[in-house]
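Below is one structure, written out as structure tokens, with a few remarks after it.
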Amino acid sequence: MYRNNATGSEILLDSDGTFSATDVSTGSLSGPTDFSGRWEFVDSGSSSDFIYLTVDDGGLGKTDGIQLCTSGRGTVEFRTPDKPPSLVLTRVAAQRPEDLHELGMRW
């Protein structure tokens with residue numbers, strides 16, 4: 001789970017390739033919203049690996065191409081296409097038993 005304590009935003013990446021986001025603002029909406037979908041780790045062969053988020057239909061309207069990019073040890077930047085990072089989230093310990101899983105990713 002990744003969290004921004006200042007905003008309360010959270011993104012949970014499940015080991016089955018799905019994700020859920022809570023209270024996240026994409027910059028294209030008037031305020032924070034909840035959405036979900038599928039995630040995929042993209043190994044670009046360089047230091048700019050990222051996680052690509054595909055949002056379920058209707059989750060965010062026309063927003064597409066959301067990425068989580070590593071920005072430091074245990075932190076990711078939430079990015080939408082052609083825009084600077086809108087949110088920095090920090091990896092935190094899972095809070096629920098169903099959150100306890102190993103993604104096989106080293107950040």
Side-chain angles (χ1 to χ4, degrees):
M1 177 180 297
Y2 291 88
R3 176 181 299 137
N4 181 295
N5 286 333
T7 64
S9 302
E10 294 182 345
I11 297 180
L12 173 64
L13 304 174
D14 283 320
S15 60
D16 65 356
T18 61
F19 77 90
S20 60
T22 306
D23 290 331
V24 174
S25 176
T26 65
S28 64
L29 299 173
S30 60
T33 190
D34 300 346
F35 54 94
S36 60
R38 300 200 54 79
W39 67 269
E40 176 184 359
F41 179 73
V42 178
D43 181 356
S44 65
S46 69
S47 62
S48 59
D49 298 341
F50 62 93
I51 295 172
Y52 186 85
L53 303 179
T54 302
V55 179
D56 288 341
D57 289 339
L60 291 177
K62 296 183 182 229
T63 300
D64 196 17
I66 297 172
Q67 298 176 357
L68 295 178
C69 303
T70 57
S71 62
R73 185 167 177 85
T75 61
V76 295
E77 296 175 338
F78 182 88
R79 296 178 180 252
T80 54
D82 303 320
K83 295 187 181 174
S86 60
L87 185 65
V88 176
L89 302 118
T90 303
R91 189 172 187 173
V92 296
Q95 301 297 309
R96 302 172 294 174
E98 60 267 29
D99 295 343
L100 300 173
H101 54 79
E102 177 58 45
L103 296 175
M105 298 170 43
R106 303 290 180 249
W107 293 49

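These numbers come from the heavy atoms of this one structure, side chains and all, not from hydrogens, waters or symmetry mates. Along the sequence shown, residues are numbered consecutively beginning with 1.
Applying the side chain to side chain contact (heavy atoms under 4.5 Å, CB included) test between W39 and each of L13, I11, D16 identifies L13 as the sole match.
Ring pair F35/F78 is tilted by interplanar angle, where 30° to 60° counts as tilted.
For the pair T7 and L89, the minimum side-chain heavy-atom distance is 4.5 Å or more. For the pair I51/V76, no side-chain contact is recorded, criterion being any heavy-atom separation below 4.5 Å from C-beta on.
Atom OG1 of T22 is separated from atom CD of E10 by 5.5 Å, given to the nearest 0.5 angstrom. Note that the CD atom of Q67 and the OH atom of Y52 stand 7.5 Å from one another [nearest 0.5 Å]. Atom-to-atom distance recorded for L68:CG and E77:CD is 10.0 Å, nearest 0.5 angstrom. The CZ atom of R3 lies 12.5 Å from the CG atom of L87; values are rounded to the nearest 0.5 Å. Put simply, CZ on R73 and OG1 on T90 are 13.0 Å apart, with the number rounded to the nearest 0.5 Å.
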Run D34 and D23 through side chain to side chain contact (heavy atoms under 4.5 Å, CB included) and show every step you take. CA-CA 5 Å; D34 300 346; D23 290 331; 3.9 Å; yes
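Judged as a side-chain hydrogen bond (donor to acceptor under 3.5 Å, both in side chains), and not counting sequence neighbours, N5 has no contacts.
Between S71 and T75, the shortest heavy-atom contact is OG-OG1, 2.9 Å. Residues C69 and F50 approach most closely at SG-CB, 4.0 Å, considering heavy atoms.
Under a hydrophobic-cluster definition in which Ile, Leu, Val, Met, Phe, Trp and Tyr are linked whenever side-chain heavy atoms come within less than 4.5 Å, directly or via other members, V88 and V92 are assigned to different clusters.
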